[in-house]
Amino acid sequence: MDTTMMKARDVMHSGAKCVPEDASLMEAAKMMKDMDVGCVPICGTDDRLKGMVTDRDIVLHCCAEGRDPAGVRAGELAGNLHWCDADTTLDDVLDMMETHQIRRLPVIDTQNGHRLIGMISEADLARNVTDHQIAEFVEKVYAVS
């Protein structure tokens, strides 16, 4: 499998839905449940990507702190954001995900309004890279520091 010519847009799954930054974490959790995912992108009123929220974020940074998920806004957990352009090579996508030890990467179309157009997950990688590349990805992303 030659991944040198593949781009982020070739392997991403499209149709990523954003949770509004002013939505509650309860709403974000319901969205995750309905879509059967563990992470959703956070978008602002300008329809631009502001961050990501995971089911783990909700548990650790809300519930475990005794806060009510209905009263905490998704934007409060926006945090550090990594993304790639739709035309980023698959090799560069792998490198970025490995370097930052991230399992999901939003894909932005910088040529068309800088909008979110998809997400790349571990499953997308597994379907599109070599066995050696996925083994290296798992080793680097799940490595204990």
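In this chain, residues are counted from 1 in sequence order.
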Worksheet item: Between Arg127 and Asp124, does at least one N-O distance fall below 4.0 Å, as a salt bridge requires?
Response: yes
| query | Within the side chain of Glu27, is there an N or O that forms a donor-acceptor pair under 3.5 Å with the backbone of Ser24? | reply | yes
Interatomic distance, CD1@Ile108 vs CE@Met12, rounded to 0.5 Å, equals 10.0 Å
Any side-chain donor paired with an acceptor under 3.5 Å for Thr54 and Asp57?
yes
request  = Please examine the side chains of Lys17 and Met35, heavy atoms only from C-beta on, and report whether any two atoms are closer than 4.5 Å.
outcome  = yes
Please say yes or no: joined through hydrophobic side-chain contacts below 4.5 Å, possibly via intermediate residues, are Ile120 and Met32 part of one cluster?
no
- Carefully, step by step, assess Glu122 and Val138 under the rule side-chain contact (heavy atoms from CB on, under 4.5 Å). CA-CA 9 Å; Glu122 293 167 296; Val138 168; 5.6 Å; no
- Query: Could Arg103 and Tyr142 be counted as a cation-pi pair, given that NZ or CZ must be under 6.0 Å from the ring centre and within 45° of the axis?
  - Reply: yes
Between Leu105 and the options His100, Met52, His82, Met119, the side-chain contact (heavy atoms from CB on, under 4.5 Å) test singles out His82
Out of curiosity, does Val129 fall in the hydrophobic cluster containing Ile102 (side-chain heavy atoms, cut-off under 4.5 Å, transitive links)?
yes
Inset, instruction - Verify side-chain contact (heavy atoms from CB on, under 4.5 Å) between Thr110 and Trp83, making sure each step is shown before the conclusion. - result: CA-CA 11 Å; Thr110 58; Trp83 56 271; 3.9 Å; yes
Taking C-beta and beyond as the side chain, do Gln133 and Thr130 meet within less than 4.5 Å on heavy atoms? yes
Exercise. Does Glu65 reach the main-chain N or O of Cys62 with its side chain, forming a donor-acceptor pair under 3.5 Å?
Worked result: no
Scanning both residues in full, the closest heavy-atom pair of Val107 with Ala86 reads CG1-CA, 3.5 Å
Hphob cluster co-occupancy, Met26 + Met31, side-chain heavy atoms under 4.5 angstrom: no
Closest non-hydrogen atoms of Ala70 and Arg73, given as atom of the first, atom of the second and distance, are O-NH2, 3.8 Å
Asp109 side chain to His114 side chain, donor-acceptor N/O pair below 3.5 angstrom = no
Do Glu136 and Glu98 have side chains that get closer than 4.5 Å, going by heavy atoms? yes
Between the CZ atom in Arg9 and the OG1 atom in Thr88, the distance rounded to the nearest 0.5 Å is 9.5 Å
Would you say that Asp10 contacts Asn128 through its side chain, given a criterion of any heavy-atom pair below 4.5 Å between the two side chains? no
Any side-chain to backbone donor/acceptor pair from Thr99 onto Asp95? Under 3.5 Å, distance only. yes
**Asked** So, the side chain of Glu21 versus the backbone of Lys50: is there a donor-acceptor pair under 3.5 Å, distance only?
**Response** no
Hey, is Arg67 close enough to Glu76 for a salt bridge, meaning N to O under 4.0 Å? yes
#### Entry: Leu94 side chain near Phe137 side chain, heavy-atom distance below 4.5 Å
yes
| request: List the steps, then state whether side-chain contact (heavy atoms from CB on, under 4.5 Å) holds for Lys7 with Thr89. | output: CA-CA 4 Å; Lys7 306 284 186 195; Thr89 66; 3.9 Å; yes
Minimum side-chain heavy-atom gap His13-Ser121 below 4.5 Å
yes
- Message: As a quick check of understanding, evaluate side-chain contact (heavy atoms from CB on, under 4.5 Å) for Leu49 and Ile42, giving each step before the final call.
- Response: CA-CA 6 Å; Leu49 185 65; Ile42 302 167; 5.9 Å; no
Taken to the nearest 0.5 Å, the spacing of Asn112 CG from Ile117 CD1 works out to 8.5 Å
Would you kindly confirm whether Val40 and Leu81 end up in one hydrophobic cluster when ILVMFWY residues are joined by side chain heavy atoms under 4.5 Å apart? no
| said: Main chain of Asp46, side chain of Arg48: is a donor-acceptor contact present, judged purely on distance under 3.5 Å? | reply: no
More than 12 foreign heavy atoms under 6.0 Å from CG of Asp34: is that the case here?
yes
Heavy-atom nearest pair, Gly118 first then Leu116, reads O-CD1, 3.4 Å
Following the transitive rule for hydrophobic clusters with a side-chain heavy-atom cut-off under 4.5 Å over Ile, Leu, Val, Met, Phe, Trp and Tyr, establish whether Leu125 and Val37 coincide in one cluster. no
Smallest heavy-atom separation, Ala23 atom then Val19 atom, equals CB-CG2, 3.6 Å
* Close side-chain approach of Leu25 to Leu77, heavy-atom, < 4.5 Å -> yes
